[in-house]
Amino acid sequence: MNQPTDNTTSISLVLAGSGGSGVITAGNMLLAAAAKAGWYGLMTRSAGPQIRGGEAAALLRLSSEPVSAQPDRYDLIIALDWLNFERFADEIPLDKDTVIIGDASAAKKTPAFVTEGPARRGDIDFKSMSKAIPGGRPNMIALGTIGALIGLPEDALDAALSDALAKRGEDAIAASRAGAEAGRAIAAEMPATPKLPTPEGEKAGRWLISGNEAAGLGAIRGGVRFVAAYPITPATEILEWMSPALTKVGGVLVQAEDELASINMAIGGSYGGVPALTATSGPGLALMTEAIGLAVASEVPVVIVDVMRGGPSTGIPTKSEQSDLNMALYALPGDAPHIVVAPNSIRDCVFTTQWSVHLAEAMQTPAIVLSDQALGQAKSVIAAPADIAFFAQRETATTPAEGEEYQRYAVTASGVSPMAVPGTPGCAYTADGLEHNPRGTPSGGAKDHHIQLDKRQRKTDDFDYGQHWADQAGEGDTVVLTWGSCTGPVLEALDNLAGTEQSARMVSMRLLMPAPKEQLANALEGAKRVIVVEQTHSGQFMGYLRANIDLPKNVEHHCTPGPLPIRPGDIETLIKEGTPS
Amino acid sequence: MNQPTDNTTSISLVLAGSGGSGVITAGNMLLAAAAKAGWYGLMTRSAGPQIRGGEAAALLRLSSEPVSAQPDRYDLIIALDWLNFERFADEIPLDKDTVIIGDASAAKKTPAFVTEGPARRGDIDFKSMSKAIPGGRPNMIALGTIGALIGLPEDALDAALSDALAKRGEDAIAASRAGAEAGRAIAAEMPATPKLPTPEGEKAGRWLISGNEAAGLGAIRGGVRFVAAYPITPATEILEWMSPALTKVGGVLVQAEDELASINMAIGGSYGGVPALTATSGPGLALMTEAIGLAVASEVPVVIVDVMRGGPSTGIPTKSEQSDLNMALYALPGDAPHIVVAPNSIRDCVFTTQWSVHLAEAMQTPAIVLSDQALGQAKSVIAAPADIAFFAQRETATTPAEGEEYQRYAVTASGVSPMAVPGTPGCAYTADGLEHNPRGTPSGGAKDHHIQLDKRQRKTDDFDYGQHWADQAGEGDTVVLTWGSCTGPVLEALDNLAGTEQSARMVSMRLLMPAPKEQLANALEGAKRVIVVEQTHSGQFMGYLRANIDLPKNVEHHCTPGPLPIRPGDIETLIKEGTPS
Amino acid sequence: MTAETALAPKHSPRDYKSDIKPVWCPGCGDYSVLGSITKAFSELNLDPENVAVISGIGCSSRIPAYTDCYGFHGVHGRSLPLAAGLKVARPDMTVLVASGDGDGFSIGGNHFMHACRRNVDLTYVVMDNRVYGMTKGQASPTTEPDWDNALTPGGSGISPFRPLVIALAAGANFIARGFSGDQNGTAKLLKEAIEHPGFSFVQILSPCVTFRPDQKTWKDDVHDAAVDPTDEIGRAARRLMTDDGFNTGVLYKGEREAFQPPIGEATATVADLEGKFAL
Amino acid sequence: MTAETALAPKHSPRDYKSDIKPVWCPGCGDYSVLGSITKAFSELNLDPENVAVISGIGCSSRIPAYTDCYGFHGVHGRSLPLAAGLKVARPDMTVLVASGDGDGFSIGGNHFMHACRRNVDLTYVVMDNRVYGMTKGQASPTTEPDWDNALTPGGSGISPFRPLVIALAAGANFIARGFSGDQNGTAKLLKEAIEHPGFSFVQILSPCVTFRPDQKTWKDDVHDAAVDPTDEIGRAARRLMTDDGFNTGVLYKGEREAFQPPIGEATATVADLEGKFAL
Ligand SMILES: Cc1ncc(C[n+]2csc(CCOP(=O)(O)OP(=O)(O)O)c2C)c(N)n1
Ligand SMILES: Cc1ncc(C[n+]2csc(CCOP(=O)(O)OP(=O)(O)O)c2C)c(N)n1
Ligand code: SF4
Ligand code: SF4
Ligand SMILES: [Mg+2]
Ligand SMILES: [Mg+2]
């Protein structure tokens with residue numbers, strides 16, 4: 001594990017407390033304040049099993065550089081109380097330099113892993129302090145303490161606090177300010193943590209956004225104007241963000257009775273000419289596969305965002321894992337070529353989802369976007385995503401000339417056939433999940449079947465995905481091959497090792513299906529070591545790679561399931577010491 | 001293609017006609033008669049798209065040896081009329097030695113591929129001939145002609161005819177007999193076909209059965225006593241056979257409202273302690289994957305038979321393909337280890353389905369049986385399947401001693417934990433699809449997740465599947481690696497090449513998941529050539545093999561989609577000439 | 001959807017028929033239903049390209065390809081959400097949904113209820129033959145409990161589904177029953193159903209000559225219903241709960257507004273949305 | 001299932017409670033429902049090991065683990081088929097199914113209708129809070145159309161589902177409504193429901209204090225229904241179609257026989273079955 005260094009560029013901290021103590025509110029303010037101060041940041045939340053009112057923790061990492069991963073260790077932990085705090089133990093690696101500040105009034109309840117751990121400790125009597133302030137609350141005290149300890153400029157915190165409480169009125173703001181002030185004052189009595197340097201340079205062009213919001217925005221950017229969906233954790237925020245947003249840009253979201261209805265509605269909307277999407281998580285995606293197969297066979301574009309959570313079955317709904325990969329690739333009945341892409345950061349949720357709309361529409365086939373809980377439900381301060389030119393550009397048909405006949409499934413070189421928008425005279429056709437001839441007439445003949453299978457496969461195989469099939473970074477003859485939310489920790493590890501003997505390259509695949517075989521082979525050329533990193537138990541990504549390319553015999557494999565994140569330090573150790581066998 | 005030889009051991013013929021002409025009835029009689037005569041046989045039916053009343057063809061292959069594949073060519077084709085006969089052209093390879101007998105009264109309607117083809121021809125005026133017999137029907141005339149041409153003993157045909165018409169009464173039998181007699185008489189005027197020699201030896205111990213019936217029987221043999229299902233082509237016959245059969249042996253079949261209900265009912269029945277099954281085809285399996293994942297997570301045994309048909313989507317419901325392989329292996333959300341097995345012949349549908357019940361129950365996990373239309377809907381005369389000792393043997397829990405606690409998901413060496421049958425005092429537990437601790441209490445903790453993932457994986461990985469993981473045959477350093485209904489044609493090709501320079505071995509995998517990696521590696525050891533044979537478009541089996549074992553670089557691949565069967569001659573050519581590249 | 005029915009129709013019923021030969025058995029009731037549908041389209045003066053016929057899987061669900069309108073032959077049981085998606089995205093299209101008693105009431109039963117509630121402007125035509133025709137003769141939700149068949153020998157033992165009262169209870173606004181033997185009468189019902197705003201449900205008794213030859217008596221069983229379709233909903237419930245299943249006509253009509261969120265009317269740009277994230 | 005209710009119960013309600021702490025919010029109506037369920041079990045003198053509590057996914061669906069009976073926490077919306085499979089396979093078990101308005105009427109709506117028709121002897125308890133609690137506050141089928149929420153801002157605009165009349169139309173034989181605020185009254189309803197042969201449906205109004213704080217008025221809204229539950233079915237339809245959603249009590253009782261094919265009674269051996277294939 002990394003030790004805190006003098007030239008700190010990132011600070012990590014946890015604010016925890018029992019139900020109703022407002023730690024998430026305070027965490028959000030902290031992130032906003034850090035953003036205002038010119039820092040980047042990432043905030044994840046963790047909660048007990050209770051629907052509401054259970055213990056919660058805000059896990060923050062603030063930095064003068066963009067943050068791509070959860071930290072290896074925490075600099076500071078503030079617990080407003082110790083109730084069920086041990087529930088978070090796994091998620092909060094601490095060491096002798098960690099500063100832990102607990103509730104002075106309940107010091108006896110301090111859990112063993114804290115008292116027996118190596119960390120430096122302080123105590124604050126949050127309750128008495130907040131009682132002394134009219135309308136004061138412990139979470140605001142903590143906010144002030146944290147701000148002072150990590151060097152967050154007062155005005156930034158103050159501004160964030162005022163923004164957040166604007167609707168609650170002046171009194172609330174004043175009380176919170178007073179609380180923060182008291183917290184700031186007492187910080188001097190606490191063990192010191194590293195401070196973040198005041199950032200230099202450009203502060204403009206930054207966004208505060210969650211991965212789920214980013215996916216929703218990417219979809220709208222790409223042209224999606226029809227969404228049908230059924231709520232499910234951890235995908236619901238995509239829908240809740242998109243619903244009013246779509247209304248504003250002339251689109252619509254329909255809440256369906258279940259996932260069977262959602263996907264079929266989306267296909268219906270898209271058949272009508274309006275780019276369409278649904279979003280779900282594992283159990284919901286399982287219910288959609290029959291209809292996704294219909295979209296393949298009938299050649300209707302549609303985007304399905306799967307925000308993965310721990311599986312199998314209901315699994316661990318609030319935690320992340322990459323274990324829906326196999327399902328996204330292979331769950332459709334029959335030979336059903338489709339697109340699978342995966343964003344590799346919160347910021348990339350915008351790009352990849354937008355791109356997926358473009359791909360689905362260009363190839364008239366479903367595109368599955370594999371996001372996950374770690375991206376979707378985390379909030380981050382990011383550099384504003386670039387504008388890209390990928391939009392829904394569906395090749396449509398026009399009324400044929402006299403004596404000519406429209407063939408919906410005409411055999412073309414690219415495999416893509418012009419798709420008539422209902423309402424176009426002379427192009428009426430029936431979209432069909434039964435095998436058919438080029439006109440669309442059902443046919444069980446061997447020739448028709450083969451021709452249409454070829455055509456559908458050709459569409460996705462021959463498409464030019466450009467350089468977007470993967471993100472590559474680093475230098476060296478060790479290649480770390482990964483995807484999705486594992487990318488962040490790998491990137492950070494590579495950064496840390498850059499210029500050392502262990503300097504390595506990363507290939508993070510954005511395009512998973514069709515497998516970019518040639519591109520991958522080229523990217524791996526000359527690699528002395530290949531290390532595959534994924535967050536599953538059974539090694540789904542490795543199986544997929546093996547099925548598609550020849551990996552070196554000595555390929556190494558780092559494969560752990562959720563719910564804990566893969567951390568940069570894990571990858572560094574791996575590169576330095578090899579996969580334990 | 002093979003030419004007919006003097007030492008004929010098999011004869012292939014087609015009887016075709018328009019709706020209502022009774023060709024399937026006649027085909028069934030022919031198969032029964034051949035069985036009575038001591039022959040083996042295989043009958044497949046083909047029909048136009050009409051629900052009923054459309055043209056149909058009975059495709060028969062009769063032999064003195066067990067028949068494992070559709071033939072390379074046909075010796076004899078009888079068309080009662082030519083209506084839409086060309087629809088069957090693809091399925092009926094003919095050559096200069098094929099004898100084609102058509103309707104003399106409609107000779108002009110003979111399709112071009114017949115008149116222009118190389119075959120030898122004869123004509124019979126079925127209509128006039130049958131009109132001359134009170135109650136006479138053209139199909140019975142044809143029956144008699146065929147019997148005489150191929151050397152089917154008169155008494156066998158007569159007995160089959162009487163059996164089939166027993167319910168219709170004496171007059172019907174007499175009329176049919178007279179028709180067959182007339183057909184026999186006119187056979188002398190037709191071009192000769194090869195004759196099958198009168199079989200010697202043991203005629204007892206033979207069964208006449210379809211693959212779907214065989215699967216149903218295997219399930220009941222294994223101990224299944226609860227079935228819930230929803231009809232779908234080509235799986236319905238499993239259910240229609242099982243329904244009354246279950247009632248007789250004290251079981252029950254419930255028709256569900258859809259596949260979501262079927263699979264959940266089956267899981268509920270099995271949770272109750274009664275071995276349970278459902279059967280479906282691709283679209284239905286797609287709807288079941290969420291609940292199959294539940295069975296994995298909650299550790300409830302259940303058998304799911306998927307009788308594959310042409311895909312994707314509704315595809316070609318009445319034709320065969322192996323393209324649900326990926327779905328069966330990979331469609332469950334999360335890391336969800338389960339069993340996938342595949343019968344490799346009609347006869348093996350009994351064994352493999354029975355085995356699947358044993359596996360599911362022993363490991364308390366779902367087992368998917370991948371049959372296909374070519375096995376399921378074909379009827380065959382087979383050697384009676386052997387009795388095997390695989391039954392449902394679920395490890396159950398008994399009331400714990402005072403002070404001890406029952407742990408449903410106790411961590412054991414094998415991964416299998418004793419499962420309490422509801423009603424057992426002191427063992428009440430809640431089966432759960434949420435991740436849980438050994439007791440079954442929901443838990444999102446990293447340790448519990450990892451322990452249970454390991455446990456579930458261990459159950460299937462460490463199980464001793466014995467030699468049943470594959471069927472092996474032949475000799476040589478060429479290995480044909482295949483599965484399911486491709487096995488028959490491969491076996492026949494190997495038989496034909498046995499003792500020649502091209503003599504080869506076959507490995508036909510019955511156990512697909514978990515991948516029997518070591519067994520496979522051993523079986524392939526020393527192979528100079530490996531040829532993978534499968535009936536998909538995208539090479540699903542090859543991808544699966546690649547993911548799991550190291551194949552030689554020069555591996556060859558024969559991969560064609562449905563609806564046409566792979567024929568022995570295709571495989572022979574492949575072995576002799578290599579895969580065209 | 002207000003058609004100038006007084007004028008001579010622009011298109012004959014034939015104009016809505018494709019040249020694809022139905023797979024149906026000779027004598028199947030669905031031929032006549034196809035005729036009623038095209039007749040209704042013609043009398044409503046609809047341009048074929050502005051009509052979509054959407055279905056699931058079953059003999060009855062084969063109808064889209066036999067029309068010369070836009071169509072979608074989807075998967076089993078999901079025609080209604082497919083159609084709802086289309087209609088919400090394209091309110092300008094006239095959308096007719098064709099289904100069977102298995103497709104619509106067994107696997108598709110949930111969508112049926114929720115389509116009634118949601119009230120998207122669709123016309124839902126269920127060809128009820130009290131059997132799964134396509135899969136060769138199993139009991140459907142509307143099948144008599146004692147009808148013998150291979151899958152449930154001796155009969156399913158389950159009391160039949162009452163689609164019309166379910167529709168009413170679920171919120172449907174237009175409920176009618178027709179008989180395929182009366183092509184003109186059914187065409188009239190369909191015309192009225194298409195013209196009615198919101199979700200309209202028309203059950204058409206359409207015999208399966210192959211697996212239910214006993215249904216040839218239906219022509220004697222059906223009778224006109226003399227009811228006030230705008231009756232108070234409680235009385236309508238009582239009526240539909242206890243009817244004999246053979247009374248034909250419009251049996252209920254309500255006035256609930258159709259569900260049609262605005263689409264295509266932007267009040268902001270994508271850049272405006274992005275602005276909310278900018279610091 | 002005939003319990004000797006006159007005798008002192010063998011087990012106290014506590015005996016049916018597990019030691020697992022519910023994930024529910026403080027004040028959630030479901031605590032009281034859990035209490036009613038265990039009270040009913042106790043009064044019916046059921047041995048905990050002969051009872052199974054089956055559910056789907058949702059706050060309400062968490063109940064099985066909080067009982068000390070056999071239980072199955074299945075997937076979202078599929079509790080009824082899971083329970084039906086169990087009951088048909090094990091007619092000796094008493095099977096109670098616990099669900100929510102989302103689990104039971106939205107994703108699980110089809111199974112609801114078909115369970116009513118099929119009439120397997122189950123007791124189906126739906127804790128109706130007119131919201132998706134577990135996913136943090138979206139509209140369910142029973143939610144008022146104008147209830148503002150993040151997913152459908154301003155309200156869903158869709159008229160609410162009427163579970164009781166749907167149940168009646170679909171063939172349910174026992175229909176009741178309770179209120180979680182009345183733990184004893186609800187326990188009594190449940191007792192009667194469990195004792196009634198065939199499928200029994202009990203809707204329990206169970207407020208969600210977190211996402212529907214407005215439901216605290218429910219305690220004033222509920223009122224006893226004075227009806228004859230064995231009323232003629234047409235009149236019952238009329239009544240349930242037009243009730244106000246707050247009248248509690250047993251609202252309909254029918255006498256249809258439960259669906260329970262014989263199981264475990266063999267009349268032939270497997271060898272007999274094989275004999276049919278032998279030549
Ligand atoms: C998911 C799925 N399950 C089952 C089937 C098989 N199947 C096709 S049509 C049908 C029933 C059709 O009955 P109905 O809707 O009444 O139509 P009919 O043929 O009687 O007109 C079934 C069960 C399927 N195609 N897909
Ligand atoms: C297939 C699937 N879709 C969606 C979800 C997400 N989900 C969990 S509970 C729930 C709704 C619960 O509502 P309700 O049944 O009313 O229960 P409550 O929490 O209100 O008691 C949803 C949509 C899921 N778990 N599985
Ligand atoms: S099987 Fe029945 S419903 Fe299907 S086409 Fe034939 S007559 Fe019509
Ligand atoms: S969210 Fe609502 S329904 Fe769920 S536990 Fe809390 S109060 Fe109960
Ligand atoms: Mg039908
Ligand atoms: Mg609810």
Closest heavy-atom pair and its distance - [X], [Y]:
X        : Y        : value
C/Ala169 : D/Val165 : CB-CG1, 3.7 Å
C/Leu168 : D/Arg162 : O-NH1, 3.8 Å
C/Phe161 : D/Met113 : CE1-SD, 3.7 Å
C/Asn110 : D/Phe105 : OD1-O, 4.1 Å
D/Pro141 : C/His114 : CG-CE1, 3.8 Å

Margin query: As an exercise: rank C/Gly171, C/Ala170, C/Ser106 by heavy-atom pairs under 4.5 Å with chain D and give me the winner.
Written below: C/Ser106
Notebook entry, point to check: Hey, which of C/Pro160, C/Ala236, C/Ala237, C/Ser159 has the most heavy atom pairs under 4.5 Å with chain D?
Noted result: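 Most heavy-atom pairs under 4.5 Å with chain D: C/Ser159.
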Contacting region of [X] [heavy-atom separation from chain D under 4.5 Å]:
X        : result
C/Arg256 : side chain
C/Glu257 : neither
C/Thr242 : side chain

Next item on the list: Given side chain to side chain contact (heavy atoms under 4.5 Å, CB included), test D/Glu232 with C/Arg238 step by step and report yes or no.
Entry: CA-CA 10 Å; D/Glu232 182 264 319; C/Arg238 181 171 178 175; 4.1 Å; yes
Notebook entry, point to check: Distance from D/Arg117 atom CZ to C/Ile158 atom CD1, nearest 0.5 Å?
Noted result: 5.5 Å
Next item on the list: Find the one option among D/Pro261, D/Gly234, D/Pro163, D/Cys116 whose heavy-atom pairs under 4.5 Å with chain C are most numerous.
Entry: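 Top count of heavy-atom pairs under 4.5 Å with chain C: D/Gly234.
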